[in-house]
Amino acid sequence: MSRRPSRSREGAGSGVRGLYVEILVRAELDEIWRLTQSPELHQRWDLRFSSITPQTAGPDGTSRFIYERSLGVHTIRGTGISLGERAHADGGATSALRFDTDDPWSPLRDGRGYWRYIPTADGVRFITGYDYEPGFGRLPDRVIRPFVRWMTAWSFDRLRIWAETGAPPERWPVASVIMFWRDDRPRARRCRTTPPPRGAFAFAPESLAALEQP
């Protein structure tokens with residue numbers, strides 16, 4: 001994949017306009033880690049991806065992958081690199097990520113983000129913060145960005161249902177959003193989407209800064 005010249009980092013990584021989503025999952029951290037760190041399982045619950053294909057693993061623990069998102073008439077393809085870490089003093093875990101695509105159909109170009117898993121007495125706080133360079137410019141991104149936030153939050157609740165009940169995500173296709181009579185359907189509103197005072201990257205691991213461009 002060709003490499004574009006580096007652009008301003010205000011969008012991709014500063015947290016100024018970053019997206020933040022958090023949900024409490026009443027399941028063991030090991031189970032949430034399994035469902036989120038396996039590409040084969042991740043692509044099943046996350047609406048943002050149609051497929052995630054592992055590529056190479058580095059000696060530093062990083063993993064490279066190719067991601068795809070089908071739009072019906074076109075499939076967006078991009079590359080990414082991630083680094084998962086479990087050895088945290090608080091018993092939690094983190095995963096750092098960078099991604100990029102040159103696909104002109106993609107509303108998300110280069111970006112970076114993280115997952116943080118924080119054990120509590122009630123369950124695990126599963127948190128993400130990420131940002132990206134808008135593929136179609138700043139003005140269209142005012143509409144696209146809230147939709148991307150909704151996709152993330154809805155996906156997080158679908159993951160929660162899977163981890164807590166064992167109900168596979170395929171039971172809840174995106175069409176289930178209109179099943180208003182089902183209180184047990186995935187709902188984005190169950191997530192917190194307001195960033196903490198320090199911004200969307202408040203919980204970002206140090207490893208995020210060390211990841212190279214995918």
Side-chain angles (χ1 to χ4, degrees), residues 15 17-50 52 67 69 80 82-86 88 90-97 99 108 111-132 144-180 182-205 207-208:
R17 300 177 303 108
L19 299 173
Y20 180 90
V21 176
E22 174 181 341
I23 193 167
L24 180 68
V25 183
R26 293 178 172 84
E28 295 296 324
L29 192 152
D30 285 346
E31 176 64 3
I32 302 169
W33 182 265
R34 184 182 73 87
L35 297 178
T36 56
Q37 291 298 312
S38 166
E40 294 80 5
L41 300 178
H42 180 186
Q43 67 190 18
R44 291 175 59 187
W45 60 264
D46 199 331
L47 192 60
R48 297 169 295 176
F49 302 99
S50 298
I52 304 171
Y67 66 87
R69 184 65 181 97
S82 64
L83 176 61
E85 298 176 301
R86 290 290 303 268
H88 288 273
D90 62 358
T94 58
S95 183
L97 165 75
F99 59 90
L108 282 67
R112 62 177 185 166
Y114 69 92
W115 286 342
R116 184 171 286 274
Y117 312 68
I118 303 177
T120 73
D122 298 319
V124 176
R125 291 173 62 195
F126 184 50
I127 299 168
T128 189
Y130 66 101
D131 208 350
Y132 59 87
I144 294 169
R145 187 167 288 258
F147 180 63
V148 174
R149 179 186 294 110
W150 176 86
M151 290 176 67
T152 306
W154 187 86
S155 298
F156 269 35
D157 198 42
R158 183 156 70 160
L159 166 67
R160 177 194 63 79
I161 293 171
W162 193 8
E164 292 182 355
T165 70
E170 292 79 11
R171 181 177 296 180
W172 301 109
V174 67
S176 65
V177 299
I178 63 173
M179 297 171 64
F180 304 112
R182 292 295 300 269
D183 290 337
D184 55 340
R185 74 187 189 279
R187 303 180 71 179
R189 65 184 297 179
R190 292 194 179 101
C191 295
R192 170 181 171 174
T193 57
T194 301
R198 290 187 293 134
F201 284 77
F203 296 101
S207 57
L208 179 58

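- Between Tyr117 and Trp115, the angle of the ring planes goes over 60°, which puts this pair in the perpendicular group of the 30/60° scheme.
- Side-chain contact check for Arg160 versus Phe126: every heavy-atom pair is 4.5 Å or farther apart.
- Atom CZ of residue Phe99 and atom OG of residue Ser82 lie 12.5 Å apart, to the nearest 0.5 angstrom.
- Note that CH2 of Trp172 and CZ of Arg187 are 11.5 Å apart. Values are rounded to the nearest 0.5 Å.
- Between Leu97 and Tyr130 the shortest side-chain heavy-atom distance does not fall below 4.5 Å.
- Contact annotation: the side chain of Tyr114 never approaches that of Ser207 to less than 4.5 Å [non-hydrogen atoms, C-beta and beyond].
- Ser155 places a side-chain N or O within 3.5 Å of a backbone atom of Leu47 that can act as its donor or acceptor partner.
- Annotation: side chain of Met151 is not in contact with side chain of Val174 (no heavy-atom distance under 4.5 Å).
- A side-chain donor-acceptor contact under 3.5 Å links Gln43 to the backbone of Ile52.
- Between Arg198 and Pro196, the closest side-chain pair of non-hydrogen atoms is not below 4.5 Å.
- The residues Asp46 and Arg69 are annotated as not salt-bridged, no charged nitrogen and carboxylate oxygen being separated by less than 4.0 angstrom.
- Taking CD1 of Ile127 as the reference point, atom CZ of Phe156 lies at 9.0 Å (rounded to 0.5 Å).
- Side-chain atoms of Arg190 never come within 3.5 Å of backbone atoms of Asp157 as a donor-acceptor pair (strictly under, hydrogens ignored).
- Distance OH/Tyr20 to SG/Cys191: 10.5 Å, rounded to 0.5 Å.
- Inter-residue side-chain proximity for Val25 and Glu164 is flagged as met; some heavy-atom pair is nearer than 4.5 Å.
- Here the CZ-CD distance, from Arg34 to Glu28, works out to 13.0 Å after rounding to the nearest 0.5 Å.
- Using a 4.5 Å heavy-atom threshold, the side chains of Trp45 and Ile161 count as separate.
- Side-chain atoms of Arg182 never come within 3.5 Å of backbone atoms of Met179 as a donor-acceptor pair (strictly under, hydrogens ignored).
- The two residues Thr120 and Leu24 come nearest to each other via the heavy atoms OG1-CD1, 4.0 Å.
- Both tests hold for Arg145 against Tyr132: distance to the six-membered ring centre under 6.0 Å, angle to the ring axis within 45°.
- Of the inter-residue distances, the one linking Arg149 atom CZ with Thr193 atom OG1 reads 6.0 Å to the nearest 0.5 angstrom.
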